[in-house]
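Below is one structure; the comments refer to it alone.
Residue numbering restarts at 1 for every chain, and letters A, B, ... go by the order of the sequence lines.
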Protein chains: 2
Amino acid sequence: MTTSKNRASGHAPLTRERVLRAAISHADTVGLEGLSMRGLAGVLKVAPMALYRHVANREDLIDAMIDVVFGEVVLPSGGADWKTAMRERGLSMRDVLTRHPWAIGLMESRRHPGQANLRHHDAVIGKLRSAGFDVAMVAHAYSLLDSYIYGFAMTQVRMAVETPADMTAMANDMFEPFPLNEYPNLAEFVNDHVMAAGYQYVDEYGYGLDRVLDAIERAWADSGS
Amino acid sequence: MTTSKNRASGHAPLTRERVLRAAISHADTVGLEGLSMRGLAGVLKVAPMALYRHVANREDLIDAMIDVVFGEVVLPSGGADWKTAMRERGLSMRDVLTRHPWAIGLMESRRHPGQANLRHHDAVIGKLRSAGFDVAMVAHAYSLLDSYIYGFAMTQVRMAVETPADMTAMANDMFEPFPLNEYPNLAEFVNDHVMAAGYQYVDEYGYGLDRVLDAIERAWADSGS
DNA sequence: ACCTGAACACCGTTCAAGT
DNA sequence: ACCTGAACACCGTTCAAGT
């Protein structure tokens, strides 16, 4: 019943693309520390060593996975002004990192960046340059934006709190061993704000992103455009 | 020649403090993934299982290590205004995270925070509250500051670039496999700015921290203090 | 050409035993 | 009371072999 003739066993031949896709979706569910070469081979129903024909080693696999993730981030559109374009990029980045939480912390540190990675950086820098930023201001803006974006994503994902009920459970867990009156400011903050109806940490993202963008706009204006 | 009488082998008895100190200094040199229970036991010259009398497991060890790191961060001093105090905290945090790079990414995600952790958060929140911030503004400010601080620290440490020579080597490594003229904006940025004399990525930290503090001050003023 | 199996040097942790 | 040794179920990766 198999249409493929080139494999007696009946599964599709192993390709780099198939390895990459399986690795990413597996990491999406079990995290980076749960992604082992042996486990990935199991998902693909091949012997562990079969993977090594398509990736040099685990690091090379991760390099390639990160480039797929970069490819999912929207590039700044030509029409919009820089602030709108950077806002869209920031929101897209957050969406992508939420889908692939294992990627946070690896995005900025690849010594062997792929093409999607380089294309992304080229496009962002190009957008800021054509808006009139000089190279020093590009460096300031890019460092500020990405520190904020990656830092927020890391915090959000590591807290692993999605619903207000999660938040309540976490807060109870965290403070249970301690007399709360030793930490009155923290207690007030958690009780009156973080655990209040309607508060969701994720809502801070857009607020902070807009503050960072405003700060960049102002710093640029102050530097004598 | 040993002064201690309670151990025939001659080393000091294993204590939680000794385990913690060894774990932190070992992680400082080999990183978190290089810190194995077996390796740590080797450093302390005990059998791996001896550690388990003083820590419940590896996660519990890391929880305790993080609390030691929190204890190294300066608390906001009573006298200074909020902006000065937050600036000092930001600079201290960067120093501490540079000493203990393995701690970045773990600081905000402990489900079992220690006393130094709680005391730190209580002091920061207290400083902002007593400066007049309402709880919503505290949440905005804290999220912005820590996203920036942790995000920058993560980027800086992961790049592992300390000298301009490192930067040149990294840039050459990274772009070697690609035709640079495909990425003209990136090429210009790297050549004319990042690799120019006098540029150091680490200098962006203070600049960005001041922009974030200015943004918080302005947002607070706009919200009608 | 592509995949496999056995082997090596590692992990964290449990359990039963030593002193 | 405190530490150890053997064992279990894992790792990434090398090397020699299968089809």
Got a sec, which pairs hit ring pair (Phe, Tyr, Trp, His ring centres under 6.0 Å) with one end in residues 21-65 of chain B, sequence neighbours left out?
-> none
Rounded to the Å, how far apart are B/L14 CG and D/dT4 C1'?
-> 13 Å
Which dot-bracket notation, 5' to 3', represents the base pairing of DNA chain C when pairs are defined as Watson-Crick or G-U with both distances under 3.5 Å, crossing pairs as [ ], and inter-strand pairs as |?
-> ||.|||||...|||||.||
Correct closest heavy-atom pair for A/Y148 and A/E204 would be OH-O, 3.4 Å
Looking at residues at least two apart in the chain, or sitting in another chain, which of them share a ring pair (Phe, Tyr, Trp, His ring centres under 6.0 Å) with B/F70?
-> B/H120, B/H121
Evaluate whether atom NE2 of B/H193 has more than 12 neighbouring non-hydrogen atoms of other residues, nucleotides or ligands under 6.0 angstrom away.
-> yes
Separation of D/dC10 atom P from A/L40 atom CG, nearest Å, is 17 Å
Report the residues that fulfil ring pair (Phe, Tyr, Trp, His ring centres under 6.0 Å) with A/Y183, sequence neighbours left out, ordered by chain and then residue number.
-> none
Whole-Å distance separating the CG atom of A/L51 from the C1' atom of D/dC11 | 14 Å
Among A/Q156, A/M154, A/M159, side chain to side chain contact (heavy atoms under 4.5 Å, CB included) partner for B/E108 = A/M154
Nearest-Å distance for atom pair CG/C1', residues B/L44 and D/dC2 = 15 Å
Gap separating the OH atom of A/Y150 from the CE atom of A/M107, nearest 0.5 angstrom | 4.0 Å
Whole Å only: how far is the NZ atom of A/K45 from the P atom of C/dT4?
-> 13 Å
Test side chain to side chain donor-acceptor pair (under 3.5 Å) applied to A/Q200 - qualifying residues, sequence neighbours left out | none
Using a cut-off of 4.0 Å between protein heavy atoms and nucleotide atoms, how would you tag nucleotides 12-19 of chain D 5' to 3' with B, S and -?
-> BBB-----
